[in-house]
Amino acid sequence: MPAKGKHRRPKTQRFTRSIAVAGTGGAALALPLMGAAGAHAATPQSAAEKAVQSVPTEKTAVQQKVAEKKSAAKKAGVRTYSVKVGDYLAKIADEQNVSGGWQRLYEDNRAAVGEDPSLIHPGLKLTIGKKAPASSGKPSSAASSPKSSASTKTSQSSNASESANASESAARASEASASTQTAGTSTAGAFSAPVDGAAVGTAYRVAGSMWSSGYHTGVDFAVPSGTPLKAVGAGTVVSAGWAGAYGNQVVIKLADGYYAQYAHLSSLSVSSGQTVSAGQQIGLSGSTGNSTGPHLHFEIRTTPNYGSDIDPVAYLRSKGVSVG
C-alpha cells in the first residue's frame, strides 16, 4: 500500500499540469516580452538610420561651400606678398610673374607704396594679381527716383572736385619735396656724397690678395648696416640686384657718362631703368656678398663693368664734393 501511495496517479497529473501551465505561462509571458523588445528596438534603429542619412548631407554642404570659396579665390587670382630685405619692385614682379612688370605691380599698390616706387621697405604688404574691385555697396530702392539720381550726380561731381583738388595738392607737395631735396643736396653742381658724414676706410688702389684684381677697385666707407645711401648725381639705374661677390648692388649711369657703383647693400630702394636725382636714396648699407663687415663699397667707372674703375675720391672732388 505504501508503495502504491508513492506512485499515485493524481500527483503525477498535477505535476504534468503544472508543467503545462508553467509552459503555457512561459509562452504567454514570452510573447509580450518579445513584442516589447521588438517595439523598443525599432525606435533607435530608425533614429540611427536618419542620423546616418543626414550626416553625409551636412558634410556635402560644408565641402561644397569650401570648394566654392577656393574656386572664388582662384578666379580672383589675388595674393599678398610681404616685402623682404633686398627686394625691389622689378625683382618682385619678375619672381612673382606679374603681368605688366613692375609698373603694373606699382599701379596696383600705389596707395601702399606711395608716390615714389623705389621707397619700399621690408614688411610692406603688396597685392599681386588682379586688383580687387572697389566695393560699391548695395543699391538703394530709392536710387531710381529723380531726387536720388540728382543727389547721386551731385555727390559724384563733389567727389570729382575733391579728387582734383587732392591731385593738385599732391602735385604741389611733390614739387615742394623735390625743391627741398635739391636744396638739401651738396652744393657742387648737383652732386652729392654717397653717404653722409662717413670717413673712408679702405682707400682706392690698396694692394692685396683678397681682391681678384690684386688691388682695391673702389673705396670703402665704414658705416653700420641700414645707413641710407644716396645717388651722387642725376642719372639712370642700369643695374639693381644681386651681383655675386658684391652682394646686392646698384649701378647708376650718371649724366656725364660715368657710372657709380654701390655694393654690399642690405636693401635696395631703386630698380633697373629708374631715373634718380642727386641726393636721392638708392638703398641701405649692409654686408651682403663677400664682405668682412658692414660698409659701403663705392666705385666710379668708365663703363658699367668691373675693371673700368677710376679714383672715386678724385672724381667726387672734381665735382666739388668733399669726402674724408
Side-chain angles (χ1 to χ4, degrees), residues 88 115-119 173-206 215-241 243 246-286 294-324:
Y88 48 96
E115 292 302 317
D116 190 342
S118 67
L119 298 182
S174 179
E175 291 175 1
S177 176
S179 300
T180 303
Q181 187 177 35
T182 303
T185 302
S186 176
T187 53
F191 272 79
S192 170
V195 60
D196 288 333
V200 173
T202 304
Y204 178 61
R205 285 278 175 171
V206 172
Y215 67 91
H216 196 215
T217 54
V219 292
D220 289 345
F221 292 93
V223 290
S225 290
T227 301
L229 307 177
K230 301 187 296 182
V232 294
T236 303
V237 178
V238 296
S239 176
Y246 283 122
N248 291 320
Q249 76 161 6
V250 171
V251 178
I252 301 171
K253 182 178 182 181
L254 302 171
D256 63 1
Y258 284 90
Y259 295 80
Q261 185 231 16
Y262 306 73
H264 308 305
L265 280 65
S266 63
S267 177
L268 306 180
S269 301
V270 292
S271 54
S272 184
Q274 182 179 336
T275 57
V276 295
S277 57
Q280 180 178 332
Q281 180 175 317
I282 54 93
L284 302 176
S285 64
H295 69 284
L296 166 65
H297 174 84
F298 177 76
E299 294 186 19
I300 292 294
R301 300 171 174 177
T302 57
T303 74
N305 305 317
Y306 172 82
S308 61
D309 51 276
I310 64 172
D311 187 342
V313 173
Y315 173 84
L316 291 175
R317 286 175 179 168
S318 71
K319 302 298 182 180
V321 179
S322 177
V323 291

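Hydrogens, waters and symmetry mates play no part in the numbers below; they use all other heavy atoms, side chains included. FYI, the numbering just counts along the sequence from 1.
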Q: Looking at residues at least two apart in the chain, or sitting in another chain, which of them share a side-chain contact (heavy atoms from CB on, under 4.5 Å) with Thr227?
A: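 Only Val195, Val223, Pro224, Ser285 meet the side-chain contact (heavy atoms from CB on, under 4.5 Å) criterion with Thr227.
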Q: Could you tell me which residues satisfy side-chain contact (heavy atoms from CB on, under 4.5 Å) with Ser272, sequence neighbours excluded, listed by chain and number?
A: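 None.
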Q: So which heavy atom on Gly233 is nearest to which on Val276, and how close?
A: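 Smallest interatomic distance, heavy atoms only, reads O-CG2, 4.3 Å.
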Q: Mind listing the closest non-hydrogen atom pair of Val238 and Pro304 along with its distance?
A: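 Between these two residues, the closest heavy atoms are CG2-CB, 4.4 Å.
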Q: Nearest 0.5 Å, what's the OG-CD1 distance between Ser267 and Ile282?
A: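 Going from OG on Ser267 over to CD1 on Ile282, the span is 10.0 Å.
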Q: Mind listing the closest non-hydrogen atom pair of Ser277 and Ala231 along with its distance?
A: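 Here Ser277 and Ala231 meet closest at O-CB, 3.5 Å.
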Q: For His264 and His297, take the angle between the two ring planes, folded into 0 to 90°, and tell me which bin it lands in: parallel under 30, tilted 30 to 60, perpendicular over 60.
A: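 Rings of His264 and His297: perpendicular, as their planes differ by over 60°.
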Q: Distance from Asp309 atom CG to Thr303 atom OG1, nearest 0.5 Å?
A: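 Spacing of CG (Asp309) from OG1 (Thr303) equals 9.5 Å.
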Q: Show the nearest heavy-atom pair for residues Arg317 and Val323, with the distance to one decimal.
A: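 For Arg317 versus Val323, the nearest heavy atoms are NH2-O, 3.4 Å.
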Q: Under the rule for side-chain contact (heavy atoms from CB on, under 4.5 Å), what residues qualify as partners of Thr236, not counting sequence neighbours?
A: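 For Thr236 the side-chain contact (heavy atoms from CB on, under 4.5 Å) partners, ignoring immediate neighbours, are Thr275.
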Q: Are Lys230 and Asp196 packed together at the side-chain level, in the sense that at least one heavy-atom pair is separated by less than 4.5 angstrom?
A: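 Yes - at least one pair of side-chain heavy atoms lies under 4.5 Å apart.
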Q: Tell me every residue that passes side-chain hydrogen bond (donor to acceptor under 3.5 Å, both in side chains) with Tyr258, counting only those two or more places apart in sequence or in another chain.
A: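 Expected list: none.
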Q: When rounded to the nearest 0.5 angstrom, what is the spacing between CG in Leu229 and CG in Leu268?
A: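 So the CG of Leu229 and the CG of Leu268 are separated by 10.0 Å.
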Q: From Gln261 CD over to Phe298 CZ, what is the distance, rounded to the nearest 0.5 angstrom?
A: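 Result: 9.0 Å between the selected atoms.
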Q: So Val200 and Phe221, side chain to side chain contact (heavy atoms under 4.5 Å, CB included) or not? Walk me through it.
A: CA-CA 5 Å; Val200 173; Phe221 292 93; 3.7 Å; yes
Q: In Å and rounded to the nearest 0.5 Å, what is the CG to CD distance from Asp220 to Glu299?
A: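 Separation between the atoms: 9.5 Å.
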Q: Do you know the tightest heavy-atom contact between Ala203 and Val219?
A: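 Closest approach of Ala203 to Val219, heavy atoms only: C-CG1, 4.1 Å.
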Q: For Asp311, what residues pass the salt bridge (Lys or Arg N to Asp or Glu O under 4.0 Å) criterion, not counting sequence neighbours?
A: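 None.
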Q: Any salt bridge (Lys or Arg N to Asp or Glu O under 4.0 Å) pairs touching residues 253-278, not counting sequence neighbours?
A: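 Output for this query lists Asp256-Lys319.
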Q: Check for a donor-acceptor pair, side chain of Ser266 on one end and backbone N or O of Ser225 on the other, with a separation under 3.5 Å.
A: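 Checked: no pair found.
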Q: List the steps, then state whether side chain to side chain contact (heavy atoms under 4.5 Å, CB included) holds for Tyr315 with Leu254.
A: CA-CA 12 Å; Tyr315 173 84; Leu254 302 171; 3.4 Å; yes
Q: How close do Ser269 and Gln274 get, heavy atom to heavy atom, and via which atoms?
A: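 Heavy atoms of Ser269 and Gln274 come nearest at O-OE1, 4.5 Å.
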Q: Is the shortest side-chain heavy-atom distance between Val250 and Val270 below 4.5 Å?
A: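 Answer yes - side chains close enough.
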Q: Say you draw a straight line from OH of Tyr204 to CD1 of Ile310; how long is it, rounded to the nearest 0.5 Å?
A: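 Spacing of OH (Tyr204) from CD1 (Ile310) equals 7.5 Å.
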